Q: 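I have a structure I would like to understand better, so I am pasting it below and will then ask my questions one at a time.
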Amino acid sequence: SQQGEEDPQALSIQEGENATMNCSYKTSINNLQWYRQNSGRGLVHLILIRSNEREKHSGRLRVTLDTSKKSSSLLITASRAADTASYFCATAGANSKLTFGKGITLSVRP
Amino acid sequence: SAVISQKPSRDICQRGTSLTIQCQVDSQVTMMFWYRQQPGQSLTLIATANQGSEATYESGFVIDKFPISRPNLTFSTLTVSNMSPEDSSIYLCSVGQGTGELFFGEGSRLTVL
């Protein structure tokens with residue numbers, strides 16, 4: 001069964017704008033991760049945040065985690081056309097297996 | 001990170017046939033997984049490929065339909081047996097090094113006619 005549920009399902013923004021994507025989950029987790037997938041290709045790991053962390057940064061990416069609300073957000077600042085892709089959140093439980101959400105399709109217009 | 005090569009990258013197959021997908025990693029890895037991504041959908045874990053022993057399958061997936069081999073720490077195969085159009089998907093090999101994140105191959109896009 002799927003754990004993470006992202007919203008919105010699709011997002012279209014102008015280049016230079018910020019993109020915010022949200023993920024909610026149902027059970028306790030060890031960590032939450034975000035991945036990017038370009039045009040049905042393999043997934044690329046973006047960032048991992050552990051259950052005892054609240055915020056993490058990596059370049060133009062900022063991830064927050066609120067375990068009390070069982071939710072996470074991914075912020076991409078100053079978006080570029082190359083950021084156009086599908087973004088997935090994935091949660092890892094005690095067994096370390098990853099469960100992926102349905103994904104968000106981000107379109108960045110030049 | 002690990003570099004993962006999957007073959008074939010895509011194939012078109014006839015109903016009732018079987019196809020074996022190969023996954024080669026450029027370094028020894030502790031964990032290897034096989035995922036399926038049906039058109040427009042998210043990823044679903046098929047099984048964990050265990051080196052030297054039988055794979056561990058997730059609910060809804062069975063060894064007869066998806067036999068998996070993992071003869072060493074750098075290589076695994078997934079066979080999709082007796083295919084039907086419902087098996088048309090992208091099949092993805094992924095590996096983990098125990099740090100939590102997974103690295104993925106480019107996927108094998110399978111179309112069953």
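Everything numeric here is computed off the predicted structure, so don't read it as measured data. So that the names make sense, note that chain A is the first sequence line, chain B the second, and so on, each numbered from 1.
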Q: Closest approach of B/S42 and A/F100, non-hydrogen atoms and distance?
A: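 Closest heavy-atom pair between B/S42 and A/F100: OG-CB, 3.3 Å.
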
Q: Please answer: with hydrophobic residues joined when any side-chain heavy atoms are less than 4.5 Å apart, are B/F104 and B/V29 in the same cluster?
A: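 In one cluster: no.
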
Q: Look at the side-chain heavy atoms of Ile, Leu, Val, Met, Phe, Trp and Tyr, link any pair under 4.5 Å apart, and say whether A/L11 and A/W34 land in one connected group.
A: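 A/L11 and A/W34: one cluster.
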
Q: For B/E58, is it the side chain, the backbone, both, or neither that has a heavy atom closer than 4.5 Å to a heavy atom of chain A?
A: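 Side chain only.
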
Q: So which atom in A/R41 and which in B/L92 form the shortest heavy-atom distance, rounded to 0.1 Å?
A: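 Between these two residues, the closest heavy atoms are O-CD2, 4.4 Å.
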
Q: Check for a donor-acceptor pair, side chain of B/E101 on one end and backbone N or O of A/L46 on the other, with a separation under 3.5 Å.
A: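 Such a contact is absent between B/E101 side chain and A/L46 backbone.
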
Q: Within the 4.5 Å heavy-atom criterion, are A/L98 and B/L102 side-chain neighbours or not?
A: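 A side-chain contact under 4.5 Å exists here.
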
Q: Hey, any chance B/L110 and B/I46 share a hydrophobic cluster, counting ILVMFWY side chains that come within less than 4.5 Å of each other, even indirectly?
A: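 Hydrophobic grouping puts B/L110 with B/I46.
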
Q: Counting only heavy atoms closer than 4.5 Å, note whether A/L48 contacts chain B via side chain, backbone, both or neither.
A: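 The side chain, not the backbone.
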
Q: For the CZ atom on A/R60, are there more than 12 heavy atoms of other groups (residues, nucleotides or ligands in this structure) within a distance under 6.0 Å?
A: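 For A/R60, atom CZ is crowded (more than 12 foreign heavy atoms under 6.0 Å).
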
Q: Under a 4.5 Å side-chain heavy-atom rule over Ile, Leu, Val, Met, Phe, Trp and Tyr, are B/I90 and B/F33 clustered together?
A: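 Yes; B/F33 is reachable from B/I90 via cluster members.
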
Q: Around A/Q14, counting heavy atoms of other residues, nucleotides and ligands shown, do more than 12 lie under 6.0 Å from its CD?
A: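 Atom CD in A/Q14 is packed in, count exceeds 12.
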
Q: If you compare all heavy atoms of B/Q37 against all heavy atoms of A/F88, which two are closest, and at what distance to 0.1 Å?
A: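 In terms of heavy atoms, the two residues are closest at NE2-CZ, 3.7 Å.
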
Q: In terms of hydrophobic clusters joined by side-chain contacts under 4.5 Å, are B/L43 and A/Y35 together?
A: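 B/L43 clusters together with A/Y35.
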
Q: Quick one: are B/F103 and A/V44 in side-chain contact, heavy atoms under 4.5 Å?
A: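 Not touching, per the 4.5 Å side-chain cut-off.
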
Q: Given a strict heavy-atom distance threshold of 4.5 Å, which part of B/T99 is in contact with chain A: side chain, backbone, both, or neither?
A: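 For B/T99, the contact with chain A is made by the backbone alone.
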
